[in-house]
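Below is one structure; the comments refer to it alone.
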Amino acid sequence: MSIITVKQAKSIAGVVELPGDKSISHRAAMFAAIANGTTRIENFATSADCSSTLGCLAGLGVRFTRDGNTVTVEGVGKRGFHAPSEQLDCGNSGTTMRLISGILAGQAFDSTLVGDDSLQSRPMKRIIEPLGLMGSVIHSHEGKAPLTIHGKTPLTAINYQPPVASAQIKSCVLLAGLHADGVTSVIEPVQTRDHTERMLTWFGVEVAIGETESGKHISVAGTDELSARDLIVPSDISSAAFFMVAAACLPGSSVTMPNVGLNPSRRGVLDAMLALGADIEVADSAENSNEPIATITTNGGIRHRGERNVLRGDIIANLIDEVPILAILGTQLEGGLEIRDASELRVKESDRIATVVNNLRKMGAMVEEFPDGLHVSRSELHGAEIESHHDHRIAMAFAVAGLLASGETTIHGAEAADVSFPGFFETLRSVVS
Ligand code: S3P
């Protein structure tokens, strides 16, 4: 376990190059694998999670080359995988396990997915159920991994409304839908990140989107084929969030991050920070492989408002991974910050409500815990011994808290950051003054 010590900082400044978006990189690798032809993916995420996806694809006989952040995948088509000779290891990555299950459910062979202790304690019934309705039989350990997937070809098309707002469930069902007879629809009462829909379109699949009073209906037909097409992955807004919050909380700071993905269903952190009074400039807006991107500059200082600050409702799905770092921001806001409707955080890489609350209390913050969120009051933070609980976002959020706290903060299990942002601590050190 690696230990990192962070000291209070005056300000941060510089230009930060972020890793490629993790969610988009997973999809790029998987979709390129089931496409016909060769796809070159630029700015592929350096994260350990995305390497887990590549490892699983290699176990299914997919060939790729990796040159720095460029990955070139030789697509095998929807039916071109080899039956794996070993278990497929998804590591710490929920996205790998839940999305690839949708592909494996429609294959003419069986496969077993495993993961680390954290992943094997996370809920998988949410994908076992719809894939079961589609005709695949999945054996699990009481709804958790290891998962043994007995593929079926073709699968049966379904109309499915996930019990929780989850882009992973949506994507799993749509990927299975590509292997089904007929049209598969997912109904989303609350919009979740739509990278799958955008990327399927990029690869030439027709994705029908409609609205009814029950929500958004996203449909794909089982006969659709994917055609290989080169793409560039935007930089990861979830990684940008740590620098945005650090810069906003340290007066005199200014941090610029180019090519950040600003998909409307992912940019909740930016919208929330602007609403909370942060000084953030968005420039050079463009579109890249069906995803909006822009350069973001965050300047130090927050325009204080006397109001009660609450994040709840539909925006939560669009900033779900940024809640830990937004809770740190809350310690610096005049009205504090309440975050609700976020019970999904209980089943992330750690129970993120509990890990944030406990670590913030260790640093002297006044925090109230709710089943679905927390309330943090404006607090003077002091250095403390912090546990990452093997959770990358906890390790990085509390490194930022360490910049704001008096004295020294020690992060135990700092290596967890590699799951989404290898080099995070070096990058942070390079902007501190
Ligand atoms: C992701 C969706 C979200 C998010 C995760 C990545 C994705 O999970 O928390 O980090 O790439 O689809 P859920 O679908 O479980 O909400």
Side-chain angles (χ1 to χ4, degrees), residues 19-31 44-45 47-50 52-53 90-103 115 118-119 121-130 143-145 160-175 186 188-200 218 233-234 236-242 261 263 265-269 291 314-326 339 341-353 355-356 372 391-394 396-397 416-417 419-421:
D21 187 279
K22 186 158 81 73
S23 284
I24 296 175
S25 297
H26 283 299
R27 287 160 172 81
M30 288 187 208
F31 296 7
F44 189 82
S47 75
D49 269 10
C50 293
S52 295
T53 287
C90 303
N92 189 244
S93 175
T95 311
T96 305
M97 187 171 278
R98 296 195 179 115
L99 267 59
I100 213 164
S101 294
I103 297 175
S118 156
L119 183 54
S121 69
R122 295 179 66 187
M124 293 297 151
K125 266 203 189 109
R126 52 183 63 193
I127 54 146
I128 295 173
E129 195 177 275
K144 294 179 176 154
Y160 191 70
Q161 181 168 331
V164 287
S166 162
Q168 293 180 353
I169 306 177
K170 169 175 65 179
S171 304
C172 170
V173 174
L174 292 176
L175 281 166
V186 177
E188 268 202 320
V190 174
Q191 159 97 61
T192 64
R193 61 190 70 188
D194 66 357
H195 303 308
T196 293
E197 297 90 305
R198 287 169 182 265
M199 201 178 293
L200 283 174
I218 305 124
V233 178
D236 199 323
I237 187 162
S238 299
S239 301
F242 301 105
N263 180 317
S265 61
R266 269 296 285 292
R267 52 174 279 165
V269 63
E291 291 279 351
D314 291 359
I315 194 174
I316 296 299
N318 301 339
L319 51 72
I320 190 72
D321 294 334
E322 289 70 68
V323 169
I325 188 63
L326 284 168
I339 302 173
D341 299 324
S343 51
E344 268 297 297
L345 291 176
R346 298 261 180 216
V347 291
K348 294 290 179 192
E349 286 83 330
S350 68
D351 172 346
R352 286 190 178 151
I353 297 178
T355 48
V356 167
D372 66 339
D391 183 333
H392 54 127
R393 303 215 192 272
I394 299 298
M396 294 187 279
V419 160
S420 60
F421 195 160

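Both counts, for ligands and for their atoms, begin at 1 and track the order of listing. Values below: every heavy atom of this structure, side chains too, minus hydrogens, waters and symmetry copies.
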Within ligand 1, which atoms have a heavy atom of [X] less than 4.0 Å away?
X: Ala167; result: 12 (O), 14 (O)
X: Ile320; result: 9 (O)
X: Ser23; result: 1 (C), 6 (C), 7 (C), 11 (O)

Taking atom types as modelled and ignoring hydrogens, do the side chains of [X] and [Y] form a donor-acceptor contact shorter than 3.5 angstrom?
X: Gln168; Y: Thr95; answer: yes
X: Ser93; Y: Ser52; answer: no
X: Ser420; Y: His392; answer: yes

Got an N/O contact under 3.5 Å between [X] and ligand 1?
X: Lys22; value: no
X: Leu99; value: no
X: Gln168; value: yes
X: Glu344; value: no

May I have the step-by-step check of salt bridge (Lys or Arg N to Asp or Glu O under 4.0 Å) for Glu344 and Arg126, ending in yes or no?
CA-CA 12 Å; Glu344 268 297 297; Arg126 52 183 63 193; 2.9 Å; yes
Please name the pair of heavy atoms, one in Leu119 and one in Cys90, separated by the smallest distance, quoted to 0.1 Å.
CD2-CB, 3.6 Å
Can you tell me which residue and heavy atom of the protein come closest to [atom], and the distance to 0.1 Å?
atom: atom 3 (C) of ligand 1; answer: Lys348 NZ, 3.9 Å
atom: atom 12 (O) of ligand 1; answer: Arg27 NH2, 2.6 Å
atom: atom 14 (O) of ligand 1; answer: Ser166 OG, 2.6 Å
atom: atom 10 (O) of ligand 1; answer: Asp321 OD2, 2.8 Å

Where on Lys170 is there a heavy atom closer than 4.0 Å to ligand 1, on the side chain, on the backbone, on both, or on neither?
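Answer for Lys170: neither.
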Under a 4.0 Å N-O cut-off, is there an ion pair linking Lys170 with Glu188?
yes
Charged N to carboxylate O under 4.0 angstrom, Lys348 versus Asp391?
no
Below 4.0 Å from ligand 1: does a non-hydrogen atom of His195 turn up there or not?
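For ligand 1, residue contact (heavy atoms, under 4.0 Å) with His195 is absent.
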Give a yes/no on ligand 1: does His26 have at least one heavy atom closer than 4.0 angstrom to it?
no
Roughly how far, to the nearest 0.5 Å, is the OG1 atom of Thr192 from the CD1 atom of Ile320?
11.0 Å
Please determine which of Lys22, Arg266, Arg193 meets the salt bridge (Lys or Arg N to Asp or Glu O under 4.0 Å) test together with Asp321.
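Result: among Lys22, Arg266, Arg193, Arg193 is the only option passing the salt bridge (Lys or Arg N to Asp or Glu O under 4.0 Å) with Asp321.
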